[in-house]
Number of protein chains: 4
Amino acid sequence: MATTATITPINTFERVESRVRSYSRSFPKVFDRALGSTIFDTNGKAYTDFLAGCSTLNYGHNDPDLKSALIEYISNDGIAHGLDMFTDAKEHFLSTFERLVLRPRGMTHQLQFTGPTGANAVEAAMKLARKVTGRTNAIAFTNGFHGVTLGALAATGNGKHRGGAATPLSGVTRAAYDGYHGPDINTADLLERELSDPSSGIDAPAAIIVETVQGEGGLNAASPEWLRQIQTIARKHGALFIIDDIQAGCGRTGGFFSFDGMGLSPDIITMAKSLSGMGLPLAMTLIKPEHDIWKPAEHNGTFRGNNHAFVTAAAALEKFWSDDRFISEVKEKARYLGERLAAIADEHGLTTKGRGMMVGIDTGSGENAAAICKACFAKGLIIETSGSFDEVVKVLCPLTISLDQLTAGIDVMETAFDAVLGSHRAAAE
Amino acid sequence: MATTATITPINTFERVESRVRSYSRSFPKVFDRALGSTIFDTNGKAYTDFLAGCSTLNYGHNDPDLKSALIEYISNDGIAHGLDMFTDAKEHFLSTFERLVLRPRGMTHQLQFTGPTGANAVEAAMKLARKVTGRTNAIAFTNGFHGVTLGALAATGNGKHRGGAATPLSGVTRAAYDGYHGPDINTADLLERELSDPSSGIDAPAAIIVETVQGEGGLNAASPEWLRQIQTIARKHGALFIIDDIQAGCGRTGGFFSFDGMGLSPDIITMAKSLSGMGLPLAMTLIKPEHDIWKPAEHNGTFRGNNHAFVTAAAALEKFWSDDRFISEVKEKARYLGERLAAIADEHGLTTKGRGMMVGIDTGSGENAAAICKACFAKGLIIETSGSFDEVVKVLCPLTISLDQLTAGIDVMETAFDAVLGSHRAAAE
Amino acid sequence: MATTATITPINTFERVESRVRSYSRSFPKVFDRALGSTIFDTNGKAYTDFLAGCSTLNYGHNDPDLKSALIEYISNDGIAHGLDMFTDAKEHFLSTFERLVLRPRGMTHQLQFTGPTGANAVEAAMKLARKVTGRTNAIAFTNGFHGVTLGALAATGNGKHRGGAATPLSGVTRAAYDGYHGPDINTADLLERELSDPSSGIDAPAAIIVETVQGEGGLNAASPEWLRQIQTIARKHGALFIIDDIQAGCGRTGGFFSFDGMGLSPDIITMAKSLSGMGLPLAMTLIKPEHDIWKPAEHNGTFRGNNHAFVTAAAALEKFWSDDRFISEVKEKARYLGERLAAIADEHGLTTKGRGMMVGIDTGSGENAAAICKACFAKGLIIETSGSFDEVVKVLCPLTISLDQLTAGIDVMETAFDAVLGSHRAAAE
Amino acid sequence: MATTATITPINTFERVESRVRSYSRSFPKVFDRALGSTIFDTNGKAYTDFLAGCSTLNYGHNDPDLKSALIEYISNDGIAHGLDMFTDAKEHFLSTFERLVLRPRGMTHQLQFTGPTGANAVEAAMKLARKVTGRTNAIAFTNGFHGVTLGALAATGNGKHRGGAATPLSGVTRAAYDGYHGPDINTADLLERELSDPSSGIDAPAAIIVETVQGEGGLNAASPEWLRQIQTIARKHGALFIIDDIQAGCGRTGGFFSFDGMGLSPDIITMAKSLSGMGLPLAMTLIKPEHDIWKPAEHNGTFRGNNHAFVTAAAALEKFWSDDRFISEVKEKARYLGERLAAIADEHGLTTKGRGMMVGIDTGSGENAAAICKACFAKGLIIETSGSFDEVVKVLCPLTISLDQLTAGIDVMETAFDAVLGSHRAAAE
């Protein structure tokens, strides 16, 4: 029977997999197939995916063009693993990225393929900034998330993750993100004051690393003005300006880069998540040529340069970024999504968070948010939380989602908000 | 013309890729296809691969069974990316690993899928050991290599990589590897003395992390006796015993684990490289149940649990580790390889290094080794160096290589050694 | 001739003493004798001392009662050095301190005699706070000065001193001092917000360490309200509240403690400078009994418990702190000093800084301040600067100074301000 | 009654002093007077002092010439505290030190007066070495003791003291002291091997810091050959060679410096303890001119340059180091002491430790040593232990002790060894 069939594999996980597993606790089904914005469990039940690998599947699951490019590559015995040797697949990605991303923006950044995790790209960025400047301090922001390896973790704000190190983290000074201290305090001014004072105790920084929208931190979106001021501060004080575009990039919040059109020119950009287009591990740093002072292999890694991912990444660039059609559609969806969320939030006296297709609702508590997500999952919608207290229900659906599926998903959310927050109110009254 | 065709893509790399690239400097061709132990450049020239992704391709390039399993999975819209949700592919890998690897060895370790890089597995292992013990110091060994993210890099010995951090590395105490101080000094005794002395200044360790054969460090192979003594020291002093089996595991130097049959029972094992079987990014830590005290997601990462890699990894386990045939063949090849290398070394008054199919010749200098590798490449053999001074020419060919291709490759090496070291001698005389 | 006599010893300093010497550069005379608020050079010239050992000589030079107590002690072969053994001199100090300082304030702190430097007391305080809480992070403030040994230096804000470490300093998170971001921002609120957010990236602190008036940092004086809020924040977040009273204590800014009457109850207090009363090296931490969890000798030092200093310290307590006369006189002088400085500041459009007898004038630039101090010295007044840019001319005269000598000294200052800032204005016009 | 008189002050200590106090636990009497090698409790009972402030009182308590020089200075209102201004007392010390110590040895070191604790001198030395070399790693040795402030503590081996930091200590790599791994292993060779290997994981050091005899570490004495080899290694690898002569210097183990006559030329020397001659706090670093790159006040401290101590230190130099008489007498006493200890050790099958007048007996256990010291104290002899397990009974009597008092003290020791170890044997049989 179906029941038995489902139970058996879950037992395997409980028996063999580490307790560290997390998302499987929210969505205790075994999934086997996925297409576009839909993911199926082994019983054939379909779920709409508003999590999308935390913004790793911006183009949806198994996009047919990416998928066929990859199958063709594998079928032809294309190189799967070649360390950082020259491969045809890498060349194709490099030239495509140059043509479709760098040149149209007048960028001359060099591409470094780090180990294929966002954390590794962040580690590379921070190491390089320290090499370039001869300084060791890096400025990172409240609620920032940059990964959990020791160098990146020092820059990450989340207390649970920091505690996982079980050793003090060093090399990073924390600054307050845009809006952190309320609307009346410009936190960039605070940082400027501290860096301009030789006795503030804030050592001259090698880098300032920032997300334009903080995905894990609660969908906090920095204003372009604030980001420009931060960039100006970095320049003034001799620090490299690093944008961590791992979650907010690849169309999620704006153009290809989350900061497109903001008048920013980061010295280093980190990318991962949706870069490969199909969810395959790939990460890179983009480095301004004058800062690309790495010695050969000084930062290395076995899986740097994932060729399968190069194939799908190049295909994704061609398909989605050759012209403005995709980004125009995304903006339209973002507008619709924003309006719907605003209405839900308004209904419950809550506020929305985020920008573009990286938006959510601050439910006021982790309990509220968890209950809402649970209610959504029961109705076939996969959705998760973020924020200091996991209090934000966040929508990170594929950017390619159809308007119908998006609408249906939001409808489920709306019902869940009503069910959970309505009953809360009732209880309070 | 072919020349022009070749030049263009290389120009792309020089124009767009970071200076950090390294292997492409030794092998300045663009490769596009690979099968078994052979890799082809875009001009169709075939090269024998004695590098094999630094032991990532133990089963060769594009093994037909792994390849077809992967193509089938993708064709069926198998989930490519699912964070750490339950997937059918993961379940299949877990149960296969349990059946073919854990149970036959009486092991009950829990599997943690970290970000898909070896460094990330090492970071997780060190963090967990610190959590478990409440201590912060880790013991690592001279010439050890564990990755270049900040936590792992602290454990890595290589000076160039350490310098890449551009900030002091902390949390690790260095101990001398087996044989480091010559045959008359048992370096485990030195460590035992230091840990037994409350005023030695070596803080009680959270972990001792060791490779059974040091791949990057120069193919230094620790004896089983020494490893057992290190394990005993770890137990005695309350430290977790971690074997980093990233390069030496998956059949490279013995059984599935490099330490099979040595009477060892590591608390944590790190794996990556050949784990996926086909070169796809995958890494994991194996944790004894009593140490698996992670909170959910305490160590996380976007690409933890690479489903494509689960598919090929499970297929590799079924194909190569269901019975003893594969490992028997490997031992036979290792014997032959060892004999041939010993003869070459003997001819030039040199010594061999390593164990199993992870062996090489100490050429006495980085210049010698580089010249030999260059001469090999000119004859169609891809081979690289390791060691403190890059002085060891190392053979890391696929374990699945045919005896003919292995023989032909060694013949190329032999000629290159003669050409390079003969002329060196002539110059010296 | 006198000239020759003067030159010779200065040559000795230039020949034999390290370049690190500093105050001798501002006051290039050799001094040999001092009494009260007057210091004499070897030519017999008298100088009024508005520096007073940076608040180490609150009771003036060679107070006759302290001096005779010390001479008597030495004459009787009193123990000069006894490590931390019980001595009669220590007992006398302890019981006197208990009677005159602790009991009247209802305090039950335990006294730890650290190595006789303020930095050592701070190191002890921070180590103990980390032991007590099991946390490693300490909060210190912008422009704070706590010493230059590595643990204390991490808490010190001054960039030149931090740079002297030539290695990254860790274990301290910086917070903004009272008023640091202007009158409209309550910096304690900023800290409270950060510590209340589990994902702020500010790790839960072991301690918050603060000076009530920042001596080296530019005579910034925290309000009692702000200090109380900081204490409340420390309590709320499980951190020890440490007041570094090394420079501001011993009557300099209020009562015996700088925070007397403010409703504060610090967990640890550090003292040094004027504690011995006669300029002899002595430092201690006062520890609430529940936090006094040191193991014997866990923090030790050869000169902990300086018996000569115990003798003079006890004599100073008896003489100056047996009743309210001394502190009443000091308050009267402080009032007069404050009015005179306000008038000078007002004349030049400047502002005064500080509290009590720890006050000065912000001259707007280090150049101004240096020129003023130089002009003062030429007129026989020893006075120095502080602040991020050495821009504050500070008055730290002995608290025992006569009103005549105080008046004369201020007159010199007034003339110097006019001379320097008048000519500046002239140049600007 | 006497009993009551004694009890009261001890109650004061228990009531008011921190639990950190230690020596008072071994010697639970209140002392009030001391002369030469004798110390008196408040009941007038005399004790012979074989502890001598842990080598701080090499010239005995209250030497009459030092005492009268100090009393005269104070009587004349000599400057007690002057920060680091030029004073007559400092000039006199500098020129005397130059004439009697530096010039006869052909040394040109510059003198830096740090905060008056040995730890502070070590902190200054390590900071300066890091500044000079631009490196952060320092090599220190097993069982070394260099103080307990955070920078110095990182170099200290003692586990209890390290634990007092309650935070990880960094910046120091541990090497094995001379003889640490037994007579067959030259530990300098181990260090040389590690520093010569760019992939050993031991970062290029800023400094190697060593005691010629480890006072706290168990009276381990390094051979001149080994010390010369360490100096050679430092030079070869670009590290500053620092001798911490705080406990072993000032005649304790040889000449004025512990390394006199060994053919050593340390880049930096740290001194404290007996430097002032009378037990007054004073510490300094001696720096080769080419390394004296401090900026003014870059390393500072309120009590740097203790003028009272300058007076006694200069008097001590004149009295004891103007000619060879003192050191000749010390050598004779050392010979006698050595013979007597060897006889005692021999009697009990034990071994002696140390060199010169810094010698002791390894009793095999901390219990033995504690029992022996307790038995000695009951007979009027103050003596203490050292070593990893406090297993060494150490003799650190004043160098000026009379032969009679020395003999009587050793006789007490001999009886105590017999009493304790005889009964131990009996118990074992």
Side-chain angles (χ1 to χ4, degrees), chain A residues 9 12 16-24 27 30-35 53 56 62 71 74 77 79-81 83-88 91 94-95 98 110-112 115-117 123 127 130-131 136 148-151 164-167 171 273 278-279 281 292 294 296-299 301-303, chain B residues 9 12 16-24 27 30-35 53 56 62 71 74 77 79-81 83-88 91 94-95 98 110-112 115-117 123 127 130-131 136 148-151 164-167 171 273 278-279 281 292 294 296-299 301-303:
Chain A
T12 303
V16 189
E17 193 176 12
S18 162
R19 295 175 51 180
V20 78
R21 64 189 177 74
S22 60
Y23 286 107
S24 57
F27 314 114
V30 181
F31 302 93
D32 62 357
R33 211 160 53 84
L35 195 60
T56 302
N62 287 308
I71 289 176
I74 300 171
D77 292 322
I79 289 169
H81 186 274
L83 294 163
D84 69 352
M85 292 196 287
F86 294 148
T87 64
D88 197 47
E91 195 279 335
L94 286 173
S95 57
E98 184 186 34
Q110 307 289 291
L111 274 56
Q112 173 185 10
T117 69
E123 294 260 349
K127 286 164 67 173
R130 288 174 173 136
K131 267 180 70 79
T136 59
V148 300
T149 53
L150 232 54
T167 197
K273 292 201 183 271
M278 209 177 112
D292 184 24
W294 287 116
E298 195 172 14
H299 184 91
T302 293
F303 297 115
Chain B
T12 303
V16 189
E17 192 177 13
S18 162
R19 294 175 53 180
V20 77
R21 64 188 177 76
S22 61
Y23 286 108
S24 58
F27 314 114
V30 181
F31 302 94
D32 62 357
R33 210 161 52 85
L35 196 59
T56 302
N62 286 310
I71 289 176
I74 299 171
D77 292 322
I79 290 169
H81 186 275
L83 295 163
D84 68 353
M85 289 196 288
F86 294 147
T87 64
D88 196 48
E91 195 279 335
L94 285 173
S95 58
E98 183 186 34
Q110 306 290 292
L111 274 56
Q112 174 185 9
T117 69
E123 294 261 349
K127 285 165 67 174
R130 287 174 174 136
K131 266 181 70 79
T136 59
V148 300
T149 51
L150 232 55
T167 197
K273 290 200 183 273
M278 208 176 113
D292 184 23
W294 287 117
E298 196 172 16
H299 183 93
T302 293
F303 297 115

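Letters A, B, ... mirror the listed sequences (proteins, then strands); counts begin at 1.
- Ranked by heavy-atom pairs under 4.5 Å with chain B, the list A:T136, A:L35, A:T167, A:L150 is led by A:L150.
- Only the side chain of B:T56 comes within less than 4.5 Å of a heavy atom of chain A; its backbone N, CA, C and O stay farther away.
- Both the backbone and the side chain of A:E298 come within less than 4.5 Å of a heavy atom of chain B.
- When side chains are defined from C-beta on, B:V148 does not count as touching A:E123, because their heavy atoms never get closer than 4.5 Å.
- Between B:V30 and A:D88 the shortest heavy-atom distance is CG1-N, 3.5 Å.
- With chain A as the partner, the residue from B:T87, B:T302, B:D84 showing the most heavy-atom pairs under 4.5 Å is B:D84.
- Here the side chains of A:S18 and B:W294 are in contact, with some heavy-atom distance below 4.5 Å.
- Separating the CZ atom in A:F86 from the CZ atom in B:R21 is a distance of 4.0 Å, to the nearest 0.5 Å.
- Here B:E17 is the residue among B:H299, B:E17, B:M278 with the most heavy-atom pairs under 4.5 Å with chain A.
- Between chain A and the residues B:I71, B:I74, B:D292, the most heavy-atom pairs under 4.5 angstrom are made by B:D292.
- Among A:A166, A:P116, A:P281, A:G279, the residue making the largest number of heavy-atom pairs under 4.5 Å with chain B is A:P281.
- Using a 4.5 Å cut-off between heavy atoms, A:Q110 touches chain B through backbone and side chain atoms alike.
- Between chain A and the options B:N62, B:D32, B:L111, B:D77, heavy-atom pairs under 4.5 Å are most frequent for B:D77.
- Side-chain contact between A:V16 and B:S95: absent, with no pair of heavy atoms (C-beta onward) separated by less than 4.5 Å.
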Please determine whether side-chain contact (heavy atoms from CB on, under 4.5 Å) holds for the pair B:T117 and A:T149, giving the CA-CA distance in whole Å, both sets of side-chain angles, and the decisive distance to 0.1 Å. CA-CA 11 Å; B:T117 69; A:T149 53; over 6 Å; no
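- The choice from B:A80, B:S22, B:A34, B:A165 that makes the most heavy-atom pairs within less than 4.5 Å of chain A is B:S22.
- When the candidates A:G301, A:G171, A:G115, A:G151 are compared by the number of heavy-atom contacts under 4.5 Å with chain B, A:G151 comes out ahead.
- For B:L94, the parts sitting under 4.5 Å from any heavy atom of chain A are the backbone and the side chain alike.
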